[in-house]
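Encoded as structure tokens, the structure appears first; notes follow it.
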Amino acid sequence: MTANSEYLNELQQQGDFLTLSRNNEWHLAPSAFTLSNGTTVTIHDTGVIEFQPKCATTIDVVLSSAIHGNETAPIEICDELIKRIILGDLQLAQRVLFIFGNPQSINIDKRFVEENLNRLFNGHHTVEGVKMNNERTRAAKLEQYVSDFYQRGGQQRERCHYDLHTAIRGSKNDKFAVYPFLHGKPWKKSQLQFLLSCGVNTVLMMKSPATTFSYYSSFVHGADSFTVELGQVKPFGENDMSRFAKTKATLIALISQKEVIYKEFDASDFELFAVHRSINRTEHDFSFPFSDDAENFTGFSKGDLLATDGQTCYYADVEGEAIIFPNADVALGQRALLTVIPLQLTDNII
């Protein structure tokens with residue numbers, strides 16, 4: 001029996017693709033097998049597994065986690081879904097591609113190994129004069145796996161990608177989603193209804209292109225794509241999984257039902273924000289005046305100091321300007337802080 005057939009046999013018996021990926025941090029030989037219910041299972045690489053049901057219906061779904069390896073709750077959710085599918089406890093109605101983005105960073109319990117993977121998509125993995133590393137190579141491969149998955153599904157099928165994360169800091173709005181910049185295309189009520197069903201009623205509307213995985217799928221493939229933040233980072237085993245019950249139930253419905261009926265759209269159900277500005281770290285001497293436990297969506301009064309970058313000071317220029325994703329330890333040139341302001345829905349929604 002070859003090593004390849006040994007791991008396939010174990011995978012079919014236990015469904016533990018996460019452990020298999022963690023044991024093969026950067027590469028796993030492609031292989032495939034068929035479940036008793038007719039679903040074809042294709043392993044494209046470590047952390048990348050595709051399920052093609054015998055009678056797929058209308059949606060091609062990408063569910064990614066571990067783009068940052070220490071964000072464990074989404075990893076645990078996807079791990080459970082993969083096991084249930086392989087063991088026959090969950091019958092699929094849609095094509096699904098699961099991605100554990102960075103297995104080595106899971107193993108070392110860090111956001112990344114050398115470079116933040118979520119700053120390397122939409123072509124940013126290959127930059128002239130910048131040395132390649134494992135994460136840059138991985139970003140290029142992940143883009144290709146997503147591209148191949150959608151292309152094999154065809155143009156007539158709906159496409160969606162939910163990139164599941166947890167935030168470094170706590171948040172006044174515990175769960176929230178980031179809607180990538182759509183270049184003038186309308187927001188979709190159906191996607192906001194899906195997020196609400198997941199227990200996410202706070203949505204941040206981006207106003208410029210990004211390097212994130214969700215923006216890549218939205219911009220390049222026209223997918224309904226979001227970065228979904230499901231609370232705060234915690235180690236494996238310390239997540240209260242009951243807090244993710246709505247999210248998990250909605251994801252299961254999405255991939256196992258031919259059609260999901262969500263609550264009727266009501267704009268008052270949502271708290272929406274628009275990006276006001278992005279503050280990058282350009283100097284080694286960079287700091288925030290607020291404490292490390294200051295929560296996402298904390299608002300500041302006009303004139304309050306928000307960040308100091310060398311000799312440059314940034315002050316709130318709008319009353320109630322709120323902080324998102326503050327991280328003073330990012331690499332030079334990268335975003336250290338987003339600020340947001342409340343947003344009202346416009347006519348650009350369908």
Side-chain angles (χ1 to χ4, degrees), residues 1-25 27-66 69 71-103 106-107 145-146 149 152-153 160-164 197-198 228 230 236-260:
M1 181 178 291
T2 66
N4 195 55
S5 61
E6 285 178 353
Y7 87 65
L8 281 183
N9 183 57
E10 185 174 338
L11 181 61
Q12 291 177 72
Q13 291 180 352
Q14 300 180 12
D16 192 354
F17 185 62
L18 176 59
T19 296
L20 179 62
S21 297
R22 295 181 68 175
N23 289 341
N24 298 269
E25 293 179 333
H27 177 70
L28 190 62
S31 56
F33 58 93
T34 302
L35 302 178
S36 59
N37 59 23
T39 296
T40 300
V41 182
T42 304
I43 297 169
H44 294 287
D45 198 345
T46 186
V48 185
I49 188 168
E50 177 183 337
F51 297 94
Q52 170 79 49
K54 196 171 184 179
C55 297
T57 50
T58 58
I59 309 174
D60 292 339
V61 182
V62 177
L63 296 177
S64 55
S65 62
E71 298 175 4
T72 59
I75 300 171
E76 293 183 39
I77 291 171
C78 291
D79 177 41
E80 179 185 337
L81 297 186
I82 291 169
K83 285 178 178 175
R84 290 183 59 184
I85 295 167
I86 293 176
L87 297 179
D89 296 332
L90 180 58
Q91 177 74 44
L92 295 178
Q94 314 293 352
R95 298 176 68 237
V96 188
L97 181 71
F98 285 94
I99 294 173
F100 295 123
N102 197 336
I106 301 175
N107 288 342
Y145 295 136
V146 170
F149 175 71
R152 283 184 282 104
C160 61
H161 177 189
Y162 304 110
D163 186 30
L164 308 178
S197 180
C198 286
V228 184
L230 298 174
F236 281 115
E238 295 186 18
N239 294 297
D240 178 1
M241 299 308 289
S242 67
R243 298 178 62 187
F244 312 109
K246 287 184 177 180
T247 303
K248 186 164 64 175
T250 302
L251 292 176
I252 289 172
L254 174 69
I255 63 179
S256 66
Q257 297 180 18
K258 293 182 177 180
E259 183 181 11
V260 185

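Numbers for residues simply follow the sequence, beginning at 1.
Taken to the nearest 0.5 Å, the CD1 atom of Ile75 stands 5.5 Å off from the OG atom of Ser65. Taken from CZ in Phe100 to CG in Asp79, the straight-line distance is 5.0 Å, to the nearest 0.5 Å.
Contacts of Thr57 classified as side chain to side chain donor-acceptor pair (under 3.5 Å), with partners at least two apart in sequence or in another chain: Gln94. Ser242 meets the side chain to side chain donor-acceptor pair (under 3.5 Å) test with Asp240; sequence neighbours excluded. Residues passing the side chain to side chain donor-acceptor pair (under 3.5 Å) test with Asn107, sequence neighbours excluded: Arg22, Glu25. With sequence neighbours excluded, the residues forming a ring-ring contact (aromatic ring centres under 6.0 Å, His included) with Tyr162 are Phe194, listed by chain and number. A search for side-chain contact (heavy atoms from CB on, under 4.5 Å) contacts involving Gln52 returns Thr40, Glu50, Ala56, Arg95, not counting sequence neighbours. Partners of Ser256 according to the side-chain contact (heavy atoms from CB on, under 4.5 Å) rule, which considers only residues two or more places apart in sequence or in another chain, are Leu90, Ile252. In terms of the side-chain contact (heavy atoms from CB on, under 4.5 Å) criterion, residue partners of Ser31 (sequence neighbours excluded) are, by chain and number, Asn4, Tyr7, Leu8, Ile43. Taking Pro103 as the reference, Ser21, Thr46, Arg138 meet the side-chain contact (heavy atoms from CB on, under 4.5 Å) condition, with sequence neighbours excluded. Qualifying side chain to side chain donor-acceptor pair (under 3.5 Å) partners for Thr19, counting only residues two or more places apart in sequence or in other chains: Asp16.
Evaluation of the side-chain hydrogen bond (donor to acceptor under 3.5 Å, both in side chains) test over residues 84-93, restricted to residues two or more places apart or in two chains, returns Asn37-Gln91.
Minimum heavy-atom separation, Leu230 to Phe244: O-CE2, 3.0 Å.
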